[in-house]
Amino acid sequence: MANLYDLKKFDLNLLVIFECIYQHLSISKAAESLFITPSAVSQSLQRLRTQLNDPLFIRAGKGITPTTIAVNLHHHLDNNLNQIEKTLQLMSRTDLARKFIVYAPQLIILDPVKNLFNIFEQEPNLLIEHHDMLIAQQSAEDLLNYRKADLVITTTPSTNLSVVCQPLQSFRLIPICRRAHPRLKETVTLEQLLSESTVSYVVDDPILKSIQVDSHPYFQERKVSFRSSSVFALMNMISNSDLVGFLPDLVYEYFKDFLQLKALLTPVPSPTVTLYMIYNRTSLNNTSFAEFISRISVL
DNA sequence: TTTGTGTCTCTTGATACCAC
DNA sequence: GTGGTATCAAGAGACACAAA
């Protein structure tokens with residue numbers, strides 16, 4: 001492994017200038033190709049001479065000739081500089097595989113979050129890593145500050161000036177049960193709803209928590225028989241039992257036929273939740289990310 | 001984050017060296 | 001002497017770093 005401390009002390013640009021002088025065997029021609037003055041090249045050569053304790057080039061008539069040390073240095077540098085150039089070219093390629101870490105609710109199957117991932121899929125070398133935002137231990141701002149996430153989709157907006165926060169989509173939490181429920185028709189009273197056992201979503205999200213606690217007396221009075229941090233486990237339980245649950249209308253529309261679910265019309269007002277898309281303002285310096293965000297904005 | 005300071009690299013202009 | 005090239009000296013601007 002390279003001794004990075006020693007490399008830090010050495011001005012690697014001097015080697016580039018050296019190689020340019022060697023290729024042209026002329027200070028002025030090297031300066032011309034590097035778009036600097038001959039004096040600057042000469043001074044850089046002087047610094048390299050001091051570092052390596054060798055004149056490297058000796059004046060010969062109107063030009064200069066390399067010393068044996070310079071010939072050897074060129075021999076070793078040639079391949080290495082070519083390798084560095086190839087690495088830089090590789091890094092600048094736009095089709096290089098890129099990895100984006102997205103913290104989002106489990107609702108990634110839904111619009112428009114689903115559309116976001118469709119956009120990613122159009123980029124063949126893009127790797128998407130998804131984490132469940134609703135059970136994340138850190139806030140969106142912390143995830144972005146510590147570069148643990150490139151994009152966060154959450155229910156809590158941010159006013160931090162270092163991040164960009166924009167509304168993505170709103171959805172309603174509606175009561176649902178299985179279609180073959182023996183007691184509940186499409187329209188039910190509050191008393192009927194309270195007489196049924198329910199499922200509850202275990203979540204750390206402050207907005208969803210406040211809905212479960214404050215939005216309506218029903219949520220405090222209901223009898224909870226099954227709790228889970230998995231939206232899909234809740235839906236599966238509702239589909240295969242007489243339990244009732246409040247789930248996003250988007251989830252219901254997507255799974256209602258597959259899981260044989262039924263939406264209930266109740267006097268309980270449906271809480272509305274808004275999803276926000278948050279990302280670091282500086283991330284826009286990344287061309288791929290900026291393009292991705294611009295494409296989301298036109299959805 | 002801002003500010004002050006030292007260092008580095010560059011340019012400009014002048015000078016030295018060499019071939020013709 | 002002239003022209004081409006390398007080098008030196010001084011100053012300007014950029015940058016790194018430490019302190020507030």
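On a predicted model such as this, the values are computed, not experimentally measured, just so you know.
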Rounded to the nearest Å, what distance is computed from the [atom1] atom of residue [X] to the [atom2] atom of nucleotide [N]?
X: L45(A); N: dT7(C); atom1: CG; atom2: P; value: 6 Å
X: L12(A); N: dT9(B); atom1: CG; atom2: P; value: 12 Å
X: I64(A); N: dA19(B); atom1: CD1; atom2: P; value: 15 Å
X: L34(A); N: dT9(B); atom1: CG; atom2: C1'; value: 14 Å
X: E32(A); N: dT5(C); atom1: CD; atom2: C1'; value: 13 Å
X: L14(A); N: dT9(B); atom1: CG; atom2: P; value: 7 Å
X: I21(A); N: dT7(C); atom1: CD1; atom2: C1'; value: 12 Å
X: L56(A); N: dT7(C); atom1: CG; atom2: P; value: 11 Å

Check your understanding: Is it true that D242(A) and R178(A) have a side-chain N and a carboxylate O under 4.0 angstrom from each other?
Key -> yes

Check your understanding: Between D249(A) and K256(A), does at least one N-O distance fall below 4.0 Å, as a salt bridge requires?
Key -> no

Exercise for review: Determine: side-chain N/O of S26(A) to OP1/OP2 of dT5(C), distance under 4.0 Å, yes or no.
Suggested key: no

Exercise for review: Would you kindly say whether S39(A) and Q43(A) are connected by a side-chain donor-acceptor distance under 3.5 Å?
Suggested key: yes

Protein N or O to nucleotides 10-14 of chain B N or O, pairs below 3.5 Å:
unit_1	atom_1	unit_2	atom_2	d
dC10(B)	OP2	S44(A)	OG	3.4
dC10(B)	N4	Q43(A)	OE1	3.4
dT11(B)	OP2	T37(A)	N	2.9
dT11(B)	OP2	T37(A)	OG1	2.7
dT11(B)	O4	Q43(A)	NE2	2.9
dT12(B)	O4	S39(A)	OG	2.9

Study note, to complete from the structure: Residues pairing under side chain to side chain donor-acceptor pair (under 3.5 Å) where one sits in residues 13-23 of chain A, two or more places apart or in two chains, turn out to be E19(A)-H74(A)

Practice item. In sequence, state the C-alpha distance, the side-chain angles, and the governing distance for E196(A) and R183(A), and then conclude on salt bridge (Lys or Arg N to Asp or Glu O under 4.0 Å). Key: CA-CA 9 Å; E196(A) 300 292 336; R183(A) 295 174 295 280; 2.7 Å; yes

Practice item. Run the ring-centre check on F57(A) versus F18(A) and record whether the distance is less than 6.0 Å. Key: yes

